[in-house]
S.K.: 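After the structure tokens below, expect a handful of questions from me.
Both ligands and their constituent atoms are indexed starting at 1 by order of listing. Residue numbers count from 1 along this sequence.
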Amino acid sequence: MNREQLLLYFIMGTNNSAGSPLRVLTNAIEGGVTCFQFREKGQGALEGAEKEQAARDMQAICRKHGVPFIVNDDIELALELQADGIHVGQDDESIEAVRKKCPDYMIVGVSAKTVNEAAQAQKQGADYIGTGPMFSTTTKADAKSPIGPGAITELRENGIDLPVVGIGGIKKENASEVIRAGADGVSVISSISMDEDPKQAARLLKNQLT
Ligand code: 3NM
């Protein structure tokens, strides 16, 4: 995994964008997003054929702009679409099982917040980890209490050298703190998807990261 591709990692489903999801994604990419994850979860999430079509439409936009397209949680969909990657949580399938099902080129990302989880992910062949919530968030219904950017510093101090993105409650005002703590990038949903100007939101966020 190329660490630079994780710098501004945008995540969205059709149920968490203020405007048309395809327009939001296009604008976000034009504003500088470096990676995208399709995460169709929670209230109002599409299922079945509608979910697949939404994913295909977003993948086409990502392809056109050369942005990696990663699918959250749904391995069958990732395989069907030949997505660039798959992201799984601690409660989803083991990384080893995911690795076995997916072709070698596929990026495998894992959510990991403790040194233990991160070391396990590293050992099992994850390409990057997502650590959070950094700050409080209302986007994920079952999000835990914030663990803060210090959790990333702790991973680094304990020898975790995998690419890491911070996630949860990240916006332009606190993003640089996450990078300074040792992250390669930040993952955001609402600070881009719910902004009335996603392109400008992405641009302003990115300005804080380098
Ligand atoms: N995962 P926002 S927090 C999808 O802690 C997700 O693992 C989290 O949304 C974790 O950028 C989160 O709007 C929600 O806060 C991120």
Side-chain angles (χ1 to χ4, degrees), residues 6-19 21 24-25 27-28 31-45 55 58 69-74 78 85-93 95 108-118 120-121 126-155 160 162-179 181-198 201-202 204-206 208-209:
L6 291 174
L7 185 65
L8 182 52
Y9 185 156
F10 180 42
I11 305 176
M12 187 179 62
T14 59
N15 57 344
N16 43 38
S17 69
V24 169
L25 177 57
N27 288 335
V33 158
T34 56
C35 187
F36 176 67
Q37 181 188 121
F38 175 68
R39 180 177 179 277
E40 191 70 15
K41 272 195 173 163
Q43 212 175 9
M58 292 194 209
F69 174 81
I70 295 176
V71 172
N72 182 287
D73 213 5
D74 187 337
I86 174 89
H87 184 97
V88 291
Q90 287 291 321
D91 301 332
D92 303 326
E93 258 183 289
I95 305 154
V108 176
V110 183
S111 304
K113 59 168 63 131
T114 63
V115 173
N116 214 2
E117 287 173 358
Q120 192 74 1
D127 292 302
Y128 76 88
I129 56 174
T131 302
M134 291 287 102
F135 309 102
S136 89
T137 175
T138 52
T139 308
K140 184 178 174 176
D142 59 350
K144 307 277 184 330
S145 309
I147 54 174
I152 294 178
T153 307
E154 203 181 326
L155 298 183
I160 305 296
L162 266 181
V164 176
V165 286
I167 183 166
I170 298 175
K171 38 188 196 262
K172 63 180 186 301
E173 291 78 12
N174 57 23
S176 64
E177 216 184 306
V178 179
I179 300 296
D184 296 283
V186 296
S187 262
V188 307
I189 302 181
S190 57
S191 61
I192 293 179
S193 73
M194 300 304 281
D195 197 284
E196 60 182 28
D197 186 346
L204 294 176
L205 249 171
K206 201 166 180 187
Q208 299 301 315
L209 304 177

S.K.: Would you give me the side-chain donor-acceptor pairs under 3.5 Å for residues 135-146, sequence neighbours excluded?
M.R.:
unit_1 : atom_1 : unit_2 : atom_2 : d
T137   : OG1    : T139   : N      : 3.0

S.K.: So which protein residues pack against ligand 1 under 4.0 Å, heavy atoms counted?
M.R.: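 Shell around ligand 1 (4.0 Å, heavy atoms): R39, G132, P133, T137, T139, K140, I167, G168, G169, V188, I189, S190.
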S.K.: Quick one: list whatever passes side chain to side chain donor-acceptor pair (under 3.5 Å) with D74, sequence neighbours left out.
M.R.: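 For D74, the residues satisfying side chain to side chain donor-acceptor pair (under 3.5 Å) (neighbours in sequence not counted) are K51.
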S.K.: Quick check on K172: does its NZ atom have over 12 non-hydrogen neighbours (other residues, nucleotides or ligands) under 6.0 Å away?
M.R.: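 Atom NZ in K172 is not packed in, count stays at 12 or less.
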S.K.: Which pair of non-hydrogen atoms, one from I192 and one from P198, has the smallest distance, and what is that distance?
M.R.: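 Heavy atoms only, the tightest pair is O-CB, 3.7 Å.
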S.K.: Quick one: side chains of residues 10-17, donor-acceptor pairs under 3.5 Å with protein atoms, not counting sequence neighbours, listed by atom name and distance.
M.R.:
unit_1 : atom_1 : unit_2 : atom_2 : d
T14    : OG1    : E40    : OE1    : 3.3
T14    : OG1    : E40    : OE2    : 2.5
N15    : ND2    : K41    : O      : 2.7
N15    : ND2    : Q43    : O      : 2.9
N16    : OD1    : G13    : N      : 2.8
S17    : OG     : G19    : O      : 2.7

S.K.: Between N174 (side chain only) and K171 (backbone N and O only), is there a donor and an acceptor less than 3.5 Å apart?
M.R.: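 A pair under 3.5 Å: yes.
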